[in-house]
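Labels below follow one simple rule: chain letters A, B, ... track the order of the sequence lines, proteins then strands, and each chain is numbered from 1.
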Amino acid sequence: MLGLWMFAVVVGLLLIGFPVAFTLGGTAVLFTVLGSNFTEVFLGFALPWEPAFNVARLNILPQRIFGTIMDNYTLVAVPFFVFMGVMLERSGLAEELLESMGMLFGKLRGGLAISVVVVGALLAASTGVVGASVVTLGVLALPVMLKYGYSKTLATGVVASSGTLGQIIPPSIVLVILGDQIGVSVGDLFLGSFIPGFLLAGLFIAWVAFVAWRRPNEAPALPPEARALTGWRLVAKILRSLVPPLVLVMLVLGTIFFGIATPTEAGAAGAAGATILAALNRRLTRRNLLDTMDTTVRLTSMVFIILVGATAFSMVFTALGGGHVVDEFLLNLPGGHIGFMFFTMLVIFLLGFFIDFIEITFIVVPLVAPIAARFFGADMLLWFGVVVAMNLQSSFLTPPFGFSLFYLKGVAPPGVKTTDIYRGIIPFVAIQVVTLVVLVLFPGLVNWLPSLAR
Amino acid sequence: MSFLLGVARAIDKVTGFVGRIMWWASLFMVVVGVYNVVTRYFYGFFELLLGPRTAANMTGNLFLELQTYSFDLIFLLGAAYVLRVDGHVRVDILYSNLPARRKAIVDTVCYWLFLVPFALLGIIYSVPYISRSWATLEVSPNPGGLARYPIKTAIAVAFGMLILQAISETIHNIAFLSGRKGSGSVHEAPPAPMEVDGTAGGVSGPAGASSGAEPGAAAPGGDPA
């Protein structure tokens, strides 16, 4: 029972707003003191109630930290992809892409918004760093869309949602840590999320087109004077902005997909490739390099110190019998595997409103993944992982705690209110839920590409 | 108080210095990573050029572990620096709307309620683990791998640095709450991502916007909402 209390308490404590990593670790300590013979061993007095576990169980904590986090070749891919993403962002790639895509699609109604989705997907394939994409798109595209008469809701919705595509379109940091937690090859996970990721982007475009068709005044076409280049000059500009990042992406993903390189190797090569691209664009300044290194340190430490805290949390949670209770509960839900899937997805979706993908991945996913393996078979874990990733994707967009919304609000022009953003993302969150359901119903969308690679 | 602030500034200096070393560790990691890729995929070329023995010496577990260890050092020893610049992600639905003084109070209490006990627990349990590694001067089981006792030691060092940084933050916050200005607490300074003294060389990107990539640097000042 204490185990379930632990879960409730940590959710409550997280809401205080103290850094997640230490809240998780502190809760682990609190429940160690309450639920074990900790006081007897360290302080020389026993608590008035029977201890639920022996504190000696924590002896393996450092081994867990070393064995599962520090001595882990795959996780090294995370800082590499962060480095690559931030460096590409600094290389001025997004500006070029947006400019040329805007000119390409500008004469269509809704064309500017479509170009935002396309660039979002391209950035996603090259970086996978949410904040960077949202900020870049928000700074560059939002003022332009508003200037040419786009409705605030559509403009903000499309920027916030396109900026999060990086979490589902490989290479993505979410997929790396999910693969590690579920025990699935990260390369397969990348392959499996390829079609779902672009399906999602396609549906975003379809929605924009639909809005432009039904409510033309919300998504007007650009006036001719805003489209400076035409004909061959435009084609040349598009090629110039599109080819270098596409080559890099194809190298990174291609080597992973064809089983040539591990995600870690591809990440290292990608980081170097991004640095070379930045140098070619004359953006490899001392400041950009230092900023890239700084962000890499910050994100890497932030993510993996949470994993350290979550490791302690999970150990104590298991020692208190919490894992067992959760297993029993999930296995005996009405409706068997359907009930399990529905309940798990609902919980992850709802948790996504309040806590972010990292905590969900490190705490909830390890609890549910073994059950998924029992219901659907170990070979379906890949599909389960991609479905979870698609679900986690929504956590970036769901208020009040969606990173994408924060970042967008941070860079949006003063006239844009938080309510505009909240209203704007509703259709896009709905599209994500629909995509999630489609993936659950048609696992082939996930499994087809990885099956080809085998 | 001024003595305590001196202590806090000394701690910040160490943390900032280690943080900057970790910046370069991240670059080093990329360089080693690329080196590993090149030597693995062009092994045949190196073998032909330099002979099989040299080629074999140039590749292998030593370099793979250098890459992994850099990663370990970055996230472990960078943790205190990230705490200093308020880069550890928070669930800030409520927090972001608090006035600066409240934030300082919440943080100060939580340092001692959550962070310090957790770090102490980490130290208590990792010290025997680390000393066992030192006792045998443990080496990686992978052929040609690196020594393991130094990297395991980093676990305890990281927890120790976190406690020190929590002490420094507490001093800053108390100074701030008692009305002393210029203490450089995260709650008082405007969102300036890089204020680890002037030597960093102009790394001061537009706050929150560009340096805040991903959740990590979520709102350096705490409140973009």
Side-chain angles (χ1 to χ4, degrees), chain A residues 14-23 25-26 28-29 58-59 61-63 65-66 70-71 73 76 79-80 83 85-86 89 129-132 135 265 268-269 271-272 286-287 290-291 293-302 304-305 309 312 354-356 358 400-401 403 406 409-411, chain B residues 19 22-24 26-27 29-30 33-34 36-37 40 64 67-68 71-72 74-75 78-79 81-82 85 87-96 106-107 110 113-115 117-118 121 125-126 129 151-152 155 194 200-203 205 208-219 224-225:
Chain A
L14 282 173
L15 293 178
I16 295 175
F18 192 63
V20 167
F22 309 118
T23 310
V29 177
L58 294 188
N59 285 337
L61 177 64
Q63 177 51 39
I65 294 175
F66 183 79
M70 294 168 67
D71 195 19
Y73 173 75
V76 183
F80 283 151
F83 194 103
V86 180
E89 187 221 340
V129 183
V130 165
V135 166
E265 288 171 335
R286 179 183 159 83
R287 181 178 148 185
L290 288 177
D291 266 7
M293 296 180 337
D294 182 39
T295 310
T296 308
V297 171
R298 287 183 187 216
L299 288 188
T300 307
S301 187
M302 185 272 286
F304 293 106
I305 293 297
F354 302 103
I355 59 181
D356 69 293
I358 310 170
F401 189 66
F403 279 118
F406 275 141
K409 181 64 187 141
V411 297
Chain B
M22 291 309 118
W23 290 2
W24 294 100
S26 75
L27 189 65
M29 187 178 60
V30 172
V34 172
N36 281 329
V37 171
R40 185 178 145 195
L64 284 179
Q67 170 181 309
T68 312
F71 159 70
D72 296 342
I74 288 169
F75 84 82
Y81 160 71
V82 178
V85 295
H88 285 292
V89 66
R90 305 165 181 270
V91 178
D92 54 1
I93 310 170
L94 306 172
Y95 184 86
S96 61
V106 166
D107 277 348
C110 290
L113 220 54
F114 296 141
L115 190 151
F118 175 52
L121 187 88
Y125 281 96
S126 62
Y129 177 74
I151 197 71
K152 286 187 173 176
I155 302 175
M194 282 295 45
V203 187
S210 58
S211 79
E214 258 255 52

- Query: Does any non-hydrogen side-chain atom of A/Ile358 lie less than 4.5 Å from one of A/Val20?
  - Reply: no
- Can you tell which of A/Ala272, A/Ala271, A/Gly26, A/Gly17 has the highest number of heavy-atom pairs within less than 4.5 Å of chain B? A/Gly17
- Query: Tell me, do A/Leu290 and B/Trp24 make a side-chain contact under 4.5 Å, heavy atoms counted?
  - Reply: yes
- Item | Interface residue of largest heavy-atom contact number with chain B, from A/Ile305, A/Leu58, A/Asp71, A/Val29, under 4.5 Å | A/Leu58
- Side chain from CB out, backbone as N, CA, C, O: work out which of these in B/Leu64 comes under 4.5 Å of a heavy atom of chain A, or both, or neither. side chain
- Note on the structure: Cut-off 4.5 Å, heavy atoms of chain B, and the answer for A/Ala28 is neither
- Message: Is there a side-chain contact between B/Tyr129 and A/Leu61 in this structure, where contact means two heavy atoms from C-beta onward sitting under 4.5 Å apart?
- Response: no
- Query: With sequence neighbours excluded, what pairs up with B/Tyr125 under the side chain to side chain donor-acceptor pair (under 3.5 Å) test?
  - Reply: none
- Contact check, side chains of B/Val85 and B/Tyr81, non-hydrogen atoms, under 4.5 Å: yes
- Query: With a 4.5 angstrom heavy-atom cut-off, which part of A/Phe304 approaches chain B: side chain, backbone, both or neither?
  - Reply: both
- Rounded to the nearest 0.5 Å, how far does OG of B/Ser126 lie from NZ of B/Lys152? 11.0 Å
- Item | Interface residue of largest heavy-atom contact number with chain A, from B/Gly19, B/Ser26, B/Gly33, under 4.5 Å | B/Ser26
- Message: I need the B/Leu113 CG to A/Thr23 OG1 distance, nearest 0.5 Å.
- Response: 10.0 Å
- Message: Using heavy-atom distances under 4.5 Å, tell me whether B/Ile74 contacts chain A through its side chain, its backbone, both, or neither.
- Response: both
- Message: Please rank A/Ala268, A/Ala312, A/Gly309 by heavy-atom pairs under 4.5 Å with chain B and give me the top one.
- Response: A/Ala268
- Item | Contacting moiety of B/Leu115, where chain A heavy atoms sit under 4.5 Å | both
